[in-house]
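Quick note: numbers below take in every heavy atom, side chains included, and nothing from hydrogens, waters or symmetry partners. The first residue in the sequence is number 1, and the count goes up from there.
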Amino acid sequence: QVQLEESAGGLVQAGGSLRLSCAASGRTFSNRAMGWFRQAPGKEREFVAAISWSGASQLYADSVKGRFTISRDNVKNTVYLQMNSLKPEDTAVYYCAVGSSTLNMRTGAAIDYWGKGTLVTVSS
């Protein structure tokens, strides 16, 4: 059974940093893209970042570009999201996902698996 388990989120002050991780189990995803989405209260889930299976290609939402960095470790079957210069508008439940490609993930298409989500709250 495939499982994606996100690390605990937390409460961070504006301007602070937080790193999320997502460990995949049940199969190896070295040939799939991995990424992060988020859903703020009262809003639809949106794309945050995605990384190709090799790690060579990364895509970011404009709202996080330059502040967030996605990376992965295929040996550990884990994807990471380093979040710096956090803003109150980054407050959301963050979801890990596995999909066919970074381009598809950016549109929310062809997602194979979702994590259960972890809450990140950024205080002003």
Side-chain angles (χ1 to χ4, degrees):
Q1 182 179 358
V2 174
Q3 284 190 322
L4 301 180
E5 186 170 354
E6 297 99 342
S7 59
L11 175 62
V12 184
Q13 286 191 332
S17 298
L18 188 66
R19 189 176 84 152
L20 300 178
S21 64
C22 171
S25 61
R27 59 162 286 186
T28 300
F29 294 106
S30 58
N31 62 339
R32 307 298 280 176
M34 299 183 77
W36 294 90
F37 290 75
R38 68 186 181 186
Q39 186 167 19
K43 295 187 177 181
E44 293 186 353
R45 186 154 51 187
E46 64 176 4
F47 169 78
V48 175
I51 186 167
S52 63
W53 70 269
S54 70
S57 174
Q58 297 126 39
L59 291 178
Y60 296 93
D62 288 343
S63 59
V64 306
K65 204 171 292 183
R67 300 187 298 121
F68 290 11
T69 302
I70 189 170
S71 60
R72 67 187 292 170
D73 183 335
N74 288 338
V75 174
K76 296 181 178 179
N77 235 11
T78 299
V79 63
Y80 304 94
L81 185 68
Q82 177 66 44
M83 304 184 291
N84 298 329
S85 301
L86 282 162
K87 304 175 181 180
E89 50 263 45
D90 294 318
T91 295
V93 176
Y94 284 72
Y95 297 89
C96 171
V98 175
S100 61
S101 72
T102 54
L103 289 177
N104 279 337
M105 293 191 80
R106 184 168 62 179
T107 64
I111 302 297
D112 299 325
Y113 304 101
W114 291 98
K116 292 183 179 180
T118 187
L119 177 62
V120 174
T121 303
V122 183
S123 63
S124 57

> In terms of ring plane angle, is the pair Trp114 and Tyr95 parallel, tilted or perpendicular, where the classes change at 30° and 60°?
Replying inline: perpendicular

Does one hydrophobic cluster hold both [X] and [Y], with members joined at side-chain heavy-atom distances below 4.5 Å?
| X | Y | value |
| --- | --- | --- |
| Phe37 | Leu59 | yes |
| Tyr94 | Met105 | no |
| Ile111 | Ile51 | no |
| Leu86 | Tyr80 | no |

Any [X] side-chain heavy atom under 4.5 Å of [Y] side chain:
| X | Y | answer |
| --- | --- | --- |
| Arg72 | Asn74 | yes |
| Ser100 | Arg32 | yes |
| Arg67 | Asp90 | yes |
| Leu103 | Arg106 | yes |
| Leu20 | Glu6 | no |
| Arg38 | Ser63 | yes |

> Looking only at atom types and distance, does a side-chain atom of Tyr113 sit under 3.5 Å from a main-chain N or O of Cys96, one as donor and one as acceptor?
Replying inline: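 Between the backbone of Cys96 and the side chain of Tyr113 there is no qualifying donor-acceptor contact (under 3.5 Å).
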
>> What I want to find out is whether Lys65 reaches Asp62 closely enough, with some N-O distance under 4.0 Å, to be called a salt bridge.
In response: yes

> When you look at CD of Glu5, are more than 12 heavy atoms from neighbouring residues, nucleotides or ligands closer to it than 6.0 Å?
Replying inline: no

Write down the atom of [X], the atom of [Y], and the distance for their closest heavy-atom approach.
| X | Y | result |
| --- | --- | --- |
| Ala49 | Leu81 | CB-CD1, 4.2 Å |
| Val48 | Val64 | O-CG2, 3.6 Å |
| Gln39 | Lys43 | NE2-O, 3.0 Å |
| Ser21 | Thr78 | CB-CG2, 4.2 Å |
| Val93 | Gly117 | CG1-CA, 3.8 Å |
| Leu11 | Ser123 | CD1-CB, 4.2 Å |

Measure the [atom1]-[atom2] distance between [X] and [Y] for me, rounded to the nearest 0.5 Å.
| X | Y | atom1 | atom2 | result |
| --- | --- | --- | --- | --- |
| Ser17 | Met83 | OG | CE | 9.0 Å |
| Trp36 | Thr118 | CH2 | OG1 | 7.5 Å |
| Gln13 | Ser124 | CD | OG | 9.5 Å |
| Thr91 | Leu119 | OG1 | CG | 7.5 Å |
| Leu18 | Phe68 | CG | CZ | 9.0 Å |
| Phe47 | Thr102 | CZ | OG1 | 7.5 Å |

>> Holding to salt bridge (charged side-chain N to carboxylate O under 4.0 Å, His left out), I want the full list of residues that pass it with Arg27, two or more places apart in sequence or in another chain.
In response: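 Arg27 satisfies salt bridge (charged side-chain N to carboxylate O under 4.0 Å, His left out) with no other residue.
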
